[in-house]
Amino acid sequence: VNLLLAGDLDAAERERWRAALAAALPEGRWWTRDDLDRGRADPAAIVAAVVANPPPGSLQGLPSLRLIQSLWAGVDRLLADPTLPNGVPIARMVDPAMTAAMAETALWAVLALHRGFFAYQQRQRDGVWRTHAQRRADEVPVAVLGQGEMGRAVADRLAAQGYPVHGWRRDGTALAAVLARAEIVVNLLPLTLATRGLLDARAFAALPAGASLVNLGRGAHVIDSDLLAALDAGHLRHAVLDVFTTEPLPAGHRYWTHPRVTMLPHAAALTDPRSAAAVVARNLRALRDGKALAYLVDRSRAY
Ligand code: GLV
């Protein structure tokens, strides 16, 4: 079976994926877009594409394509490709190792915010020896935006740790009402037209003074100027940001040095080829056997 592996992967990443996928699916013959363009493989033979944010146009001219399997959980960039073939099913990545990593990152951020560890880190840099009040987890309400695979896993992990957790999805309660009761907001929404820019001045104003944001979704969920204004005004205490409107975050951006911002380089949860390859293989075998495909994207919802 002829398969396309396409994405903005460097050579080492591509090799890791190719090795993991070959081990999980020995019957697969893996090709790159370059192979197709140079005539080393027939585009009409490709039945499925396994993609990690491929450059726009990568999936054009594949008449036999019957599945686009993303290696990324979020498919916003994939769906933004205007040349994406219509009618070909798209599957998101749901990788158990990635979901577990996301729950760990959320737990780290929430714990550090709840106990004031980022503030202690700042005091160390300032040479200040001073304690603040120690609070219990059950005193720190957390709102988790997004109730997909990751949002649910994060909500469960935080609840198990003793935090009062309110999970929010877009078709549920009004967002402002949920934010009004939260001290920490963890964002794990998919990026769609309906969620882009959702975390704006109005949302921040709805939060109680001293609340914090943990953005593990997409940078474009946040209106950056509004977030910076809320942090500068002291209304928001801290932001932990893994994702940015432009990645890598441009040099000189205020987030790099802002005392109330803790950054990760889009590393909260990486797809792990060792476990994700098995997920890909299962879907490719389901395709071959005419069985139901897992984790299909609803193009009308965009996730
Ligand atoms: C990471 O952000 C992903 O969508 O997989």
Side-chain angles (χ1 to χ4, degrees), residues 5-10 13-14 16-17 20-21 49-56 58-59 67-81 84 89-109 144-154 157 169-170 185-196 198-199 213-222 224 239-249 255 262-280 282-283 294-299 301-303:
L5 175 60
D8 102 40
L9 301 166
D10 64 31
E13 285 171 328
R14 181 177 300 279
R16 272 182 54 202
W17 276 110
L21 291 166
V50 174
V51 300
N53 283 336
S58 300
L59 301 177
L67 171 65
I68 300 166
Q69 169 70 59
S70 176
L71 296 178
W72 281 55
V75 290
D76 44 290
R77 258 167 73 188
L78 183 62
L79 293 178
D81 178 353
L84 200 65
I90 300 171
R92 292 173 292 122
M93 175 49 64
V94 175
D95 167 17
M98 185 189 202
T99 306
M102 190 60 95
E104 290 169 354
T105 302
L107 182 57
W108 158 77
V144 177
L145 311 185
Q147 289 292 284
E149 299 288 333
M150 302 224 204
R152 288 200 312 266
V154 163
R157 178 64 71 89
R169 57 188 314 143
R170 209 174 51 79
V185 184
V186 181
N187 176 42
L188 278 158
L189 287 165
L191 182 64
T192 68
L193 282 179
T195 64
R196 182 175 289 273
L198 193 72
L199 299 171
L213 171 68
V214 180
N215 189 14
L216 307 175
R218 285 291 183 259
H221 283 128
V222 173
D224 292 316
V240 178
L241 305 176
D242 180 53
V243 285
F244 302 90
T245 311
T246 305
E247 296 181 3
L249 184 69
Y255 287 149
T262 298
M263 275 178 57
L264 296 173
H266 202 140
L270 308 176
T271 313
D272 184 334
R274 294 167 301 179
S275 46
V279 176
V280 173
R282 226 175 299 136
N283 244 0
Y295 311 125
L296 289 182
V297 170
D298 177 346
R299 289 204 198 202
R301 287 190 319 190
Y303 67 91

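Because the structure is predicted, anything quoted here is derived from the model rather than measured. Counting starts at 1 for both ligands and their atoms, following the listed order.
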Partner of Asn187 under side-chain contact (heavy atoms from CB on, under 4.5 Å), picked from Val214, Asp242, Leu199, Val222, is Leu199

Check your understanding: Which heavy atom of the protein is the closest neighbour of atom 5 (O) of ligand 1, given with residue, atom name and distance?
Key ->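 It is Ala73 N, 2.7 Å.
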
- Using non-hydrogen atoms of the residue, decide whether Met93 is closer than 4.0 angstrom to ligand 1. no

Quick check on Arg16: does its CZ atom have over 12 non-hydrogen neighbours (other residues, nucleotides or ligands) under 6.0 Å away? no

Is there a nitrogen or oxygen of [X] sitting under 3.5 Å from a nitrogen or oxygen of ligand 1?
{"X": "Leu71", "value": "no"}
{"X": "Gly74", "value": "yes"}
{"X": "Arg218", "value": "yes"}

Here the atoms of ligand 1 under 4.0 Å from any heavy atom belonging to His266 are 1 (C), 2 (O)

Residue pair Asn283 / Tyr295, side-chain donor-acceptor N/O under 3.5 Å: no

Next on the checklist: Could you check whether any side-chain heavy atom of Leu145 comes within less than 4.5 Å of a side-chain heavy atom of Thr195, counting everything from C-beta outward?
Outcome noted: no

Exercise for the section: Kindly assign one of parallel, tilted or perpendicular to the pair His266 and Trp72, based on the angle between their ring planes and the thresholds 30° and 60°. Expected result: perpendicular

